Amino acid sequence: MGLLTFLIVPLLILGISGIIYIYREVVRLMSRSALKNKVVVITDAVSGLGKECSRVFHSAGARLVLCGKTWEKLEALHDALISVADPSVTFTPKLVLLDISDINNMEAMGKEIQDCYGCVDVLINNASMKMKGPLQSVSLELDKKIMDANYFGPITLVKAILPHMISRRTGQIVLVNTIQGKIGVPFRAAYAASKHAIQGFFDCLRAEVEEFDVSVSTVSPTFIRSYHVQPQPGNWEASIWKFFFRKLSYGVHPVEVAEEVLSTVSRKKQEVFMANPIPRAAVYIRTFLPELFFAVVATGVKEKHVVEEEK
């Protein structure tokens, strides 16, 4: 009996693993096939995440409209995509020069994007501006600049594209947000405020356009790390706050986020939160035990000041 169990358990584990692998591959292939011929707009295609989204959606057969602030980078991305693509199953991407913070020009940009293929099936809002610093040292002008890039710009573009989706009774609008749309992190006040604002807008938008068969999705990683930057070693376990930020600092790789965005679009998920257990727990603690969360955050700020004074 013992020998039989010894033989069956590994085979059972192997069988379950095989089933899970096959299921994931089937879902991945279905996700890609669902995007064939779809017009997909990426608002910041030249960022790390934007490049990865461009890669996965292009290989899935989507008709891409790639946006960015630098024409040379857009052309380089265009050339990189078509150099490795099979022209029989992919489309040549269209390029649009777009500064998401240029609100006054956003309506015209929306029309230019629409004119590329005559419609937009999926709008992926991934353009963003980051900023870090004590709030009392950040000028109001910079606060407004952050809000323009992270809130007013994206929603202005959404409002330019949305009427066409409603008239066609189809479409999907995706926001790549961050954990800071859920919780406020010290020394990132303007950034967190802009991310809270855009999260609230998309939550309302989702409810308002459901009757028109327009889907709204949000994908919120802790943050998207660069390709090569790794967390610095150190004695991070000295406090709960430092332990939390050690976990937070790993972030999510652009490739992982791009694959999740592809899955979110194909399966029309409403909300995805990409985080390991520590940041995920912080969101729940902020909701159900706010006093504890505020105490931990305040402790972290005090510790930072102590470290700066020691230096």
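Everything numeric in this text was worked out from a predicted model, so none of it was measured.
- Ion pairing of Arg55 with Glu52 is present here, as a side-chain N (NZ or NE/NH1/NH2) and a carboxylate O approach within less than 4.0 Å.
- Residues Val272 and Ile173 do not share a hydrophobic cluster, clusters being chains of Ile/Leu/Val/Met/Phe/Trp/Tyr side chains in contact below 4.5 Å.
- Here Thr90 pairs with nothing under the side chain to side chain donor-acceptor pair (under 3.5 Å) rule; sequence neighbours left out.
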Side chain to side chain donor-acceptor pair (under 3.5 Å) between Ser263 and Lys269, intermediate numbers included: CA-CA 8 Å; Ser263 174; Lys269 301 177 187 177; 3.2 Å; yes

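- With rounding to the nearest 0.5 angstrom, the CZ atom of Phe201 is 13.0 Å from the CG atom of Asn177.
- For the pairing with Val252, the side-chain contact (heavy atoms from CB on, under 4.5 Å) check across Asn276, Thr178, Val257, Leu49 returns one residue only, Val257.
- By the 4.5 Å heavy-atom criterion applied to side chains, Thr287 and Phe293 are not counted as neighbours.
- Note: Asp148 CG to Thr156 OG1 = 8.5 Å, rounded to the nearest 0.5 Å.
- Side-chain contacts under 4.5 Å among hydrophobic residues (ILVMFWY), followed directly or transitively, place Val138 together with Met129, Met131, Leu142, Ile146.
- Expressed to the nearest 0.5 Å, how far CD of Gln180 lies from CZ of Arg188 amounts to 5.5 Å.
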Show, in sequence, the C-alpha distance, side-chain angles and deciding distance for Met109 and Leu97, and conclude whether the side-chain contact (heavy atoms from CB on, under 4.5 Å) test is met. CA-CA 8 Å; Met109 289 295 96; Leu97 201 59; 6.0 Å; no

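- Of all non-hydrogen atoms in Tyr117 and Thr92, the two that sit nearest each other are OH-O, 3.3 Å.
- In terms of modelled atom types and a separation under 3.5 Å, the side chain of Asp44 and the main chain of Gly68 share no donor-acceptor contact.
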In a table with atom names and distances, give each donor-acceptor pair under 3.5 Å that connects a side chain of residues 202-216 to protein atoms at least two apart or in another chain.
from   : atom 1 : to     : atom 2 : distance (Å)
Asp203 : OD1    : Gln199 : NE2    : 3.3
Asp203 : OD1    : Arg206 : NH1    : 3.1
Arg206 : NE     : Val216 : O      : 3.2
Arg206 : NH2    : Gln270 : O      : 2.9

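- Atom CG in Asn125 sits 11.5 Å away from atom OG1 in Thr218 (nearest 0.5 Å).
- The distance from the NE2 atom of His58 to the NZ atom of Lys51 is 16.0 Å, given to the nearest 0.5 Å.
- Not counting sequence neighbours, Lys38 has no partner by the side chain to side chain donor-acceptor pair (under 3.5 Å) test.
- Atom NZ of Lys268 sits in a crowded spot, with more than 12 heavy atoms from other residues, nucleotides or ligands closer than 6.0 Å.
- The hydrophobic clustering, which links ILVMFWY residues whose side-chain heavy atoms are closer than 4.5 Å, places Val40 and Leu98 apart.
- In this structure the side chain of Ile179 never reaches within 4.5 angstrom of the side chain of Phe223, judged on heavy atoms.
- In terms of hydrophobic clustering, with Ile, Leu, Val, Met, Phe, Trp and Tyr side chains grouped at heavy-atom distances under 4.5 Å, Leu162 and Val39 are assigned to a common cluster.
- Residues Ile124 and Val261 are in side-chain contact: their nearest non-hydrogen atoms beyond the backbone lie under 4.5 Å apart.
- Not counting sequence neighbours, the partners of Thr43 by the side chain to side chain donor-acceptor pair (under 3.5 Å) test are Asn126.
- Residue pairs meeting the salt bridge (charged side-chain N to carboxylate O under 4.0 Å, His left out) criterion with at least one member in residues 58-75: none, sequence neighbours excluded.
- Within the structure, salt bridge (charged side-chain N to carboxylate O under 4.0 Å, His left out) contacts touching residues 96-106 (residues at least two apart or in different chains) do not occur.
- Between Leu262 and Glu259, the closest side-chain pair of non-hydrogen atoms falls below 4.5 Å.
- The minimum heavy-atom distance between Val56 and Ala258, with the atom names listed, is CG2-O, 3.9 Å.
- The side-chain heavy atoms of Leu175 and Pro154, taken from C-beta on, include no pair separated by under 4.5 Å.
- In the hydrophobic clustering of ILVMFWY residues, with side-chain heavy atoms under 4.5 Å counting as a link, Val174 and Ile161 come out apart.
- Arg286 places no side-chain N or O within donor-acceptor distance of the main-chain N or O of Gly184, the cut-off being under 3.5 Å.
- In this structure, His253 contributes its side chain and Ile224 its backbone to no donor-acceptor pair below 3.5 Å.
- Under the side chain to side chain donor-acceptor pair (under 3.5 Å) criterion, the residue pairs touching residues 165-175 are Asp121-Arg168, Gln172-Ser217, with sequence neighbours excluded.
- Taking every heavy atom of both residues into account, Phe273 and Ser220 meet most closely at CD1-O, 3.0 Å.
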Side-chain donor-acceptor contacts of residues 77-84 below 3.5 Å, not counting sequence neighbours, with atom names and distances?
from  : atom 1 : to    : atom 2 : distance (Å)
Ser83 : OG     : Asp79 : O      : 3.3
Ser83 : OG     : Ala80 : O      : 2.8

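- Here salt bridge (charged side-chain N to carboxylate O under 4.0 Å, His left out) pairs that include residues 106-115, with residues two or more places apart or in two chains, are Lys111-Asp115.
- Residues Val297 and Pro186 meet the side-chain proximity criterion, which asks for heavy atoms closer than 4.5 Å.
- Residue Phe288 belongs to a hydrophobic cluster whose other members are Tyr284, with links defined by side-chain heavy atoms closer than 4.5 Å.
- Ile42 is connected to Leu74 through a chain of hydrophobic side-chain contacts under 4.5 Å among Ile, Leu, Val, Met, Phe, Trp and Tyr, so both are in one cluster.
- The shortest side-chain heavy-atom distance between Tyr151 and Lys195 does not fall under the 4.5 Å cut-off.
- Using a 4.5 Å heavy-atom cutoff, the side chains of Lys36 and Val89 are in contact.
- Minimum interatomic distance between Ser54 and Leu64 (heavy atoms only, all atoms of both residues): O-CD1, 3.4 Å.
- Residue pairs that meet the salt bridge (charged side-chain N to carboxylate O under 4.0 Å, His left out) test with at least one member in residues 83-95, sequence neighbours left out, do not exist here.
- Here the CZ atom belonging to Phe187 is positioned 8.5 Å from the NZ atom belonging to Lys132, to the nearest 0.5 angstrom.
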Apply side-chain contact (heavy atoms from CB on, under 4.5 Å) to the pair Met106 and Ile100, showing each step before the final yes or no. CA-CA 7 Å; Met106 201 55 60; Ile100 199 69; 4.2 Å; yes

